[in-house]
Amino acid sequence: MRHHDEHPEHDDEIEWVSKSEMKRESHALQQLGESLVRLKPSELAKVPLDEELQDAIALAHKLGNKREALRRHLQFIGKLMRSRDVSAIQEALAAFDHKSAVANAHFHKLELWRDRLIKEGDKGVDALLAEYRELDRQKLRQLARQSRKELAANLPPKAYRELFQYLKQHLEP
């Protein structure tokens, strides 16, 4: 019969994890699975998944309108995730989040420029052209002036949208 003291190196390998910690990890993996299910097909194709997980995610898409079945299936996907190294999946999702944040920041910048052009007129156009010399001064002034007229007369915001589209085309990130 062996005594516990004969192999003290085994004590270092055993790591006690509380039931609460196991539940938190399980819940985090289930949320990771839910994030995968919410991805667009084009994004999902870029995530490194094995065949079993791909099939499980495809089934989750089919269960979309069956609420309870989807809930149980998402738990199953979380269970599948427990037996896998999810670091590559997490990195792929983080890359999508970063792209989304960059796109949102760019969109916000375009909105700010549009609003500034409408509010400040020629002064705003000069500020924009100081930063982006390739833009058409006359077109910017014309669209900003038309946008101000539309807003003042409560007309449909045609020039307002056109100004945004012009900025979007020429101020790529």
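The CD atom of E162 lies 7.5 Å from the CD atom of Q142; values are rounded to the nearest 0.5 Å. With rounding to the nearest 0.5 angstrom, the CG atom of L29 is 13.0 Å from the CD atom of Q75. Between atom CD of residue E111 and atom NE2 of residue H106 there is a gap of 11.0 Å, rounded to the nearest 0.5 Å. Between the CZ atom in R38 and the CZ atom in F96 there is a gap of 13.5 Å [rounded to 0.5 Å]. Between F107 atom CZ and L112 atom CG the span is 11.0 Å, to the nearest 0.5 Å. Here the NZ atom belonging to K109 is positioned 15.5 Å from the NZ atom belonging to K168, to the nearest 0.5 angstrom.
Heavy-atom contacts from other residues, nucleotides or ligands closer than 6.0 Å to CD of E51 number 12 or fewer. The environment of R141 atom CZ is sparse: at most 12 non-hydrogen atoms of other residues, nucleotides or ligands sit within 6.0 angstrom. More than 12 heavy atoms of other residues, nucleotides or ligands shown are found within 6.0 angstrom of NE2 on H61. Other residues, nucleotides and ligands contribute over 12 non-hydrogen atoms within 6.0 Å of the CD atom of E21.
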Exercise. Does the pair L70 and N65 meet the rule for a side chain to side chain contact (heavy atoms under 4.5 Å, CB included), with working shown?
Worked result: CA-CA 8 Å; L70 180 61; N65 59 353; over 6 Å; no

Exercise. Checking side chain to side chain contact (heavy atoms under 4.5 Å, CB included) for the pair M81/I89: CA distance, chi angles, key distance, verdict?
Worked result: CA-CA 10 Å; M81 303 284 268; I89 295 171; 4.3 Å; yes

For this session: Mind running side chain to side chain contact (heavy atoms under 4.5 Å, CB included) on L117 and L143 for me, showing each step along the way?
Result: CA-CA 9 Å; L117 290 172; L143 289 172; over 6 Å; no

For this session: With side chain to side chain contact (heavy atoms under 4.5 Å, CB included) as the test, would you mind laying out the steps for K99 and E43 before giving the verdict?
Result: CA-CA 11 Å; K99 281 183 183 178; E43 294 172 330; over 6 Å; no

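When all heavy atoms are compared, the tightest approach of R148 to I118 is NH1-O, 2.9 Å. In terms of heavy-atom proximity, Q30 sits nearest to L74 at CG-O, 3.5 Å. Heavy atoms only, all atoms of each residue included: A56 and F76 are closest at CB-CE2, 4.4 Å. Of all heavy-atom pairs spanning A159 and Q146, the tightest one is CB-CB, 3.5 Å. Looking at every heavy atom in both residues, Q54 comes nearest to L49 through NE2-O, 3.4 Å. When all heavy atoms of S26 and R82 are compared, the closest pair comes out as OG-NH2, 3.3 Å.
No side-chain donor-acceptor contact under 3.5 Å links S83 to the backbone of K79. Proximity of a side-chain donor or acceptor of H170 to a complementary backbone N or O of Y166 within less than 3.5 Å is detected.
Residues D50 and L53 are in side-chain contact: their nearest non-hydrogen atoms beyond the backbone lie under 4.5 Å apart. Within the 4.5 Å cutoff, the side chain of K149 has no heavy atoms near those of the L155 side chain. Counting only heavy atoms from C-beta outward, the side chains of I57 and L39 never approach each other to under 4.5 Å. Residues I77 and L36 form no side-chain contact, since every pair of their non-hydrogen atoms from C-beta on lies 4.5 Å or further apart. Put simply, the side chain of V125 does not reach to within 4.5 Å of the side chain of E120, judged on heavy atoms.
Residues L140 and L151 share a hydrophobic cluster, clusters being chains of Ile/Leu/Val/Met/Phe/Trp/Tyr side chains in contact below 4.5 Å. No path of Ile, Leu, Val, Met, Phe, Trp and Tyr side chains, each step under 4.5 Å between heavy atoms, connects L93 with V102, placing them in separate hydrophobic clusters.
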